[in-house]
Amino acid sequence: MRILITGATSGIGRQLALDYHRDNHQVWALGRNQKALDELSAEGLQAVRIDLEDRDMARDWFTAMTPIDLAILNAGSCEYVDLPEFDSELVSRVMRTNVESMAVSIEGVLPLLRQGERPHLVAVGSSAAYVPLSRAEAYGASKAAIEYMIRTLRIDLYREKIDVSLVCPGFVKTPLTDRNEFPMPFRLSVEEASDRIRRGIEKRRLEIHFPKRLTFILKALSLIPEALWIRISQRMVNNER
């Protein structure tokens with residue numbers, strides 16, 4: 001299988017790239033960290049330095065790319081809002097990295113998938129999009145936007161027989177989550193995350209979410225009246241202070 005993975009220089013993306021390569025798939029690993037790309041290249045992957053925030057550069061590269069069967073759009077970042085200062089540039093930065101880069105990637109990979117075998121588009125979102133969470137005004141909003149965009153693409157790509165999946169991880173031990181200063185229940189290793197994602201992709205699940213002990217709780221909380229959830233979450237924030 002011919003597989004393209006964005007955000008492949010660290011965390012979940014890197015592990016997915018290595019695991020698929022070790023299973024003898026042809027993998028293009030995209031990212032911005034040249035040192036990490038060199039390490040992937042030494043492993044035998046086709047590592048490509050590309051800045052998805054540079055739309056013209058990205059479009060030129062995708063235009064010259066060969067057909068693929070699976071695209072895993074994983075590039076993204078996380079920053080938290082710290083009130084009382086609401087940093088609009090932080091929000092813009094997160095939206096640019098998470099949402100706009102995802103859109104550029106989708107624009108680039110769709111023509112390649114249309115030429116592939118049993119094409120499958122996979123986007124990595126987050127279970128943070130299930131309910132409003134403290135300090136996640138930017139990150140949560142970006143992941144909610146990705147969820148809506150992918151669910152809509154699932155409808156519009158149906159006639160073209162391009163399967164579309166959304167990955168909604170909980171906490172996974174990565175360089176991004178290592179910066180968090182709050183408890184992260186049920187945090188998984190990147191190896192565990194990669195295993196769950198690859199099994200979900202193989203089964204072509206519409207949504208791949210894990211760990212279930214966390215995501216089912218969040219899904220249940222999303223069903224309660226919003227006023228009740230707001231009171232619960234406000235109380236949690238007050239207790240932390």
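Counting from 1, the numbers follow the sequence of the chain as shown. Everything numeric in this text was worked out from a predicted model, so none of it was measured.
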Polar side chain donor-acceptor pair, Asn33 to Thr9, under 3.5 angstrom
no
Can you see whether Ser101 engages Arg96 through a side-chain donor-acceptor pair at a distance of less than 3.5 angstrom?
no
Donor + acceptor pair across side chains of Asn74, Thr6 (<3.5 Å)
no
Is it true that a side-chain atom of Ser41 and a backbone atom of Asp38 form a donor plus acceptor pair closer than 3.5 Å?
no
Between Glu79 and Tyr139, what is the shortest heavy-atom contact and its length?
O-CB, 3.9 Å
State whether the side chain of Arg179 and the backbone N or O of Cys78 hold a donor-acceptor pair below 3.5 Å, judged by distance alone.
yes
Are Arg151 and Glu147 within salt-bridge range, i.e. N to O under 4.0 Å?
yes
Looking at Ser126 and Ala129, would you say the former's side chain and the latter's main chain have a donor-acceptor pair under 3.5 Å?
no
Is Asp19 salt-bridged to Arg198, cutoff N-O under 4.0 Å?
yes
Taking every non-hydrogen atom, the tightest pair across Leu18 and Glu43
CD2-CG, 4.0 Å
Point-to-point distance, once rounded to the nearest 0.5 Å, from CD of Gln46 to CH2 of Trp28:
5.0 Å
Are the charged groups of Arg55 and Glu107 less than 4.0 angstrom apart, N to O?
yes
Between Ser194 and Glu191, a side-chain donor and acceptor under 3.5 Å
no
Hey, what do you get for CG (Leu112) to CE (Met65), rounding to the nearest 0.5 Å?
6.5 Å
Identify the heavy atoms of Val190 and Gln15 that sit nearest to each other, and give their distance.
O-CG, 3.6 Å
Consider side chain to side chain contact (heavy atoms under 4.5 Å, CB included). Of Val124, Ile5, Val122, Val109, which one does Leu73 pass it with?
Val109
Short N-O contact, Arg93 and Glu53, less than 4.0 angstrom:
no
Would the distance check show the side chain of Arg59 and the main-chain N or O of Gly108 forming a donor-acceptor pair, the cut-off being under 3.5 Å?
no
For Pro119 and Leu113 the tightest heavy-atom approach is CB-O, 3.2 Å
So, does Arg49 use its side chain to make a donor-acceptor pair with the main chain of Arg32 at under 3.5 Å?
yes
Which of these, His120, Arg204, Arg205, sits in a side-chain hydrogen bond (donor to acceptor under 3.5 Å, both in side chains) with Ser165?
His120
